[in-house]
Number of protein chains: 2
Amino acid sequence: MTDGTNETPGAPRVPSGQNAGPNSGPNVTLEEIARAAGVSPSTVSRILNGTARVLPEKQRAVEEAIARFNYRPNVLARSLASGRTETIGVLTQAVSSPFYAEWLRGIEEALAEPGFTPIFVSSRWNVVDEKARLEEFVARRVDGIILLHAQLDEPTLTEYSRYAPMLVLGRSVQNGMALAGLPIDNLQGARDATRHLIEQGHREIAFIAGPSNHEDAIERLDGYRSALEEAGIGFDADLVEQGDYLETGGVAAMERLLARRPSLSAVFCANDQTAYGARLTMFRRGVRVPEDVSLVGFDDLPTSSYMTPPLTTVRQPTYEIGRLAAQGIVQMIRKQPVALSPIPLTLVTRETTRRIGPSLSKGDQRA
Amino acid sequence: MTDGTNETPGAPRVPSGQNAGPNSGPNVTLEEIARAAGVSPSTVSRILNGTARVLPEKQRAVEEAIARFNYRPNVLARSLASGRTETIGVLTQAVSSPFYAEWLRGIEEALAEPGFTPIFVSSRWNVVDEKARLEEFVARRVDGIILLHAQLDEPTLTEYSRYAPMLVLGRSVQNGMALAGLPIDNLQGARDATRHLIEQGHREIAFIAGPSNHEDAIERLDGYRSALEEAGIGFDADLVEQGDYLETGGVAAMERLLARRPSLSAVFCANDQTAYGARLTMFRRGVRVPEDVSLVGFDDLPTSSYMTPPLTTVRQPTYEIGRLAAQGIVQMIRKQPVALSPIPLTLVTRETTRRIGPSLSKGDQRA
DNA sequence: TTGTAAGCGTTATCAT
DNA sequence: ATGATAACGCTTACAA
């Protein structure tokens, strides 16, 4: 618990770097650098920020002092004085969801370029938490806010957008210059997936839905339904089961489906995690995919292409969406106009779907 | 691009909440609250922080003013004045890795209790980035640092630990009161997994290794090797293939393995992602799991229990590890002693492993 | 080009 | 119990 590597309490915390002067470390201030270099604090500040040109010799002296003292500007003081934090609050529903991971990566990387730092927090699918996290953003004086699947109502979002420009992913909102939505075309994606199944000859296509209070879950259901109707098959509520976007929900829903409609020939799941669960249930029940039942997911999680067999699903270009969001919020901060068109989704046909005879029923489908 | 919901440029940004006074919003300062409540700024500060008892009537007046103006303390100013940011820098190799996700969740949740906010950043498996991120932590004056799988050498870590207490996950370091490691018993985990395979009658057990510059990858290889030797089977370099902890690496390694040693009866992968890749290759080649070849992974990612068949793997209690790390760093910040014992790993036996005759060779294994 | 000085919004140390 | 007042470390007019 104790060893010689730690500073004496009260003593300045200094690194042991070779160039470390007596007062180096994070406690070195801009003023000390100024004094050491024989210039005024403002000059140091100017050099640090490139705010004005400075005589080369002073420039050198300051840079030398900075290196010698291992000086790092205090971000807090800088932000307090300037009024800018160069920080973007990013609210996810769950940092740990495989689904958000790629979005965050896109956001982080695109934000790094203009020099912004994302602050990731998660609200755990909880509206109360969601509001609390937004309050934190305000308290931290973030320069912008990105919301992934906000559940808060639009008036509330509008209100918070007065503090900092806000971009809402996966949702369409009344766009303003402080509030913008980057909608994702879930309806189209779900319709394409369902059409694909229909084209393959499927007629008895089940759907495992997502949480009914999620905008995108509703859109996906609508897409499924509209493809069915457009093909003249008609919507059959008996073929729809409720899921929760989680694997466990998929397991349970598939069990109910199999019990109620053993004749179904395809299952379309509202997201990949649900499909994973449905897949497990089929494995347990000895239902082969795709020989007995075709399966389609939604999202194209990184692992979906490694499922056995690889999952046919609707791909969301999450990384790219993340980048777009980051670029968008930066533009909003800079008061530049942003044009965000709905993100199109594409079907990725892999190996969980199979063509079946146009009007064959169960008995014949089985390989 | 424009609508009525935005404030006139230059006008104070105020929310339209019902109680919103003329000067509400994030620009309201503690001083204004003090003035409105007829007390001094220090009194407001005391009420906000519970630093001292205040007359009930003033307390009420202040609280009323806070509510009326919708006042939120400026975290930056507070931190600058107090010297504490209540912030923990958390460095991961990749925010988007399914592997880190659960750790982050554990960290975030456990940190919320004592009121700390994590700042997640990723270094993308890049040592240069890793150092840059640490510099950012220093610039942000974080109160503590948690590193997930740091690649930097120990002297460097020790140096940074002088700025803020540092906890390194998945690594053992010279513990001090400002630097501590939370080791994970990879060797034991790998040994248990290999022993399991041996007990099931397997003798020709291949191993797909992780990056050779990763401490944990090396430990896992060592565990595999030691279990083999302990059983008198002996280590056969021909059965070891190089992977990279990613699915693609698993695919390629498995291909080479199958070509070189078609007689192998089991494959142990350095992590689950590698196992996913190996599984796919086997699926492609018509090698059945576990009928033809048994497969074991390492990590127990959330999706592993939904693989087909569910993957036998070594479970890391990542969420709990995250919580432990969070609690540990808070204790270090508070200068309390922390005792971190190595995290034990447990084998989760699912359905990708199968008992085979003690000395049967390939031909007989095939179901 | 460079320096002086006034903030930025808090906390914390003194007195009272 | 409460109020002045001096930091905290930086940016930014305003002067020079």
Side-chain angles (χ1 to χ4, degrees), chain A residues 12-13 23-62 65-66 69-87 138-143 163, chain B residues 12-13 23-62 65-66 69-87 138-143 163:
Chain A
R13 300 175 137 201
N23 296 317
S24 64
N27 300 323
V28 180
T29 68
L30 180 148
E31 198 178 331
E32 299 180 57
I33 296 297
R35 207 178 306 138
V39 299
S40 78
S42 21
T43 299
V44 178
S45 172
R46 284 176 187 119
I47 292 175
L48 249 27
N49 302 296
T51 315
R53 223 202 301 285
V54 168
L55 281 190
E57 64 176 81
K58 304 206 174 192
Q59 168 110 16
R60 235 188 312 284
V62 168
I66 288 177
F69 287 88
N70 203 222
Y71 166 73
R72 279 102 160 186
N74 184 324
V75 172
L76 300 162
R78 185 205 295 268
S79 297
L80 182 60
S82 69
R84 291 169 260 111
T85 59
E86 312 284 66
T87 266
V138 176
R140 293 208 115 75
R141 303 300 193 263
V142 298
D143 291 338
Y163 300 128
Chain B
R13 298 175 137 201
N23 296 315
S24 63
N27 300 325
V28 180
T29 68
L30 179 148
E31 198 178 333
E32 298 180 57
I33 296 297
R35 208 178 307 137
V39 300
S40 77
S42 359
T43 299
V44 178
S45 173
R46 284 176 188 119
I47 292 174
L48 248 28
N49 301 294
T51 314
R53 222 200 301 286
V54 168
L55 280 190
E57 65 176 79
K58 304 206 172 190
Q59 168 107 17
R60 235 187 312 285
V62 168
I66 289 177
F69 287 87
N70 203 221
Y71 165 73
R72 280 99 159 189
N74 184 323
V75 172
L76 300 162
R78 186 205 294 268
S79 297
L80 182 60
S82 69
R84 292 169 261 111
T85 59
E86 314 283 67
T87 265
V138 176
R140 292 207 116 75
R141 303 299 194 264
V142 298
D143 290 338
Y163 300 128

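Chain A is the first sequence line, chain B the second, and so forth, proteins listed ahead of strands; every chain is numbered from 1.
Rounded to whole Å, atom C1' of C/dG9 lies 6 Å from atom CG of B/Asn74. As a whole-Å value, the separation of B/Arg140 CZ from D/dC10 P is 14 Å. Counting to the nearest Å, the P atom of C/dG3 and the CG atom of A/Leu30 are 12 Å from each other. The CZ atom of B/Phe69 sits 16 Å away from the C1' atom of C/dG9 (whole-angstrom rounding). One interatomic measurement links the two molecules: CD of A/Gln59 to P of C/dT1, which rounds to 12 Å at whole-angstrom precision. Atom CZ in A/Arg141 sits about 20 Å away from atom P in D/dC10, given to the nearest Å. Atom CG of B/Asn27 is separated from atom P of C/dC8 by 11 Å (rounded to the nearest Å). The distance between atom CG of B/Leu80 and atom C1' of D/dA7, rounded to the nearest whole Å, is 9 Å.
When only modelled atom types and interatomic distance are considered, B/Ser40 and B/Thr43 share a side-chain donor-acceptor pair under 3.5 Å.
Bending across the helix from C/dT1-D/dA16 to C/dT16-D/dA1, expressed as the angle between its end axes from five pairs apiece, amounts to 30° (10° rounding).
Applying a 4.0 Å cut-off to non-hydrogen atoms, the residues of residues 40-49 of chain A that approach DNA chain D are A/Ser42, A/Ser45, A/Arg46, A/Asn49, listed by residue number.
Panel note: side chain A/Ser82, backbone A/Arg78; a donor-acceptor pair is recorded below 3.5 Å. Using modelled atom types, one side-chain atom of A/Ser79 and one backbone atom of A/Val75 make a donor-acceptor pair closer than 3.5 Å.
At the heavy-atom level, A/Leu55 lies under 4.0 Å from the strands shown only through sugar-phosphate atoms.
Comparing C/dG9, C/dG3, C/dC8 by their closest approach to the side chain of A/Ala81 singles out C/dC8. Here the nucleotide nearest the side chain of A/Ser82, chosen from D/dC10, D/dT11, D/dT2, is D/dT11.
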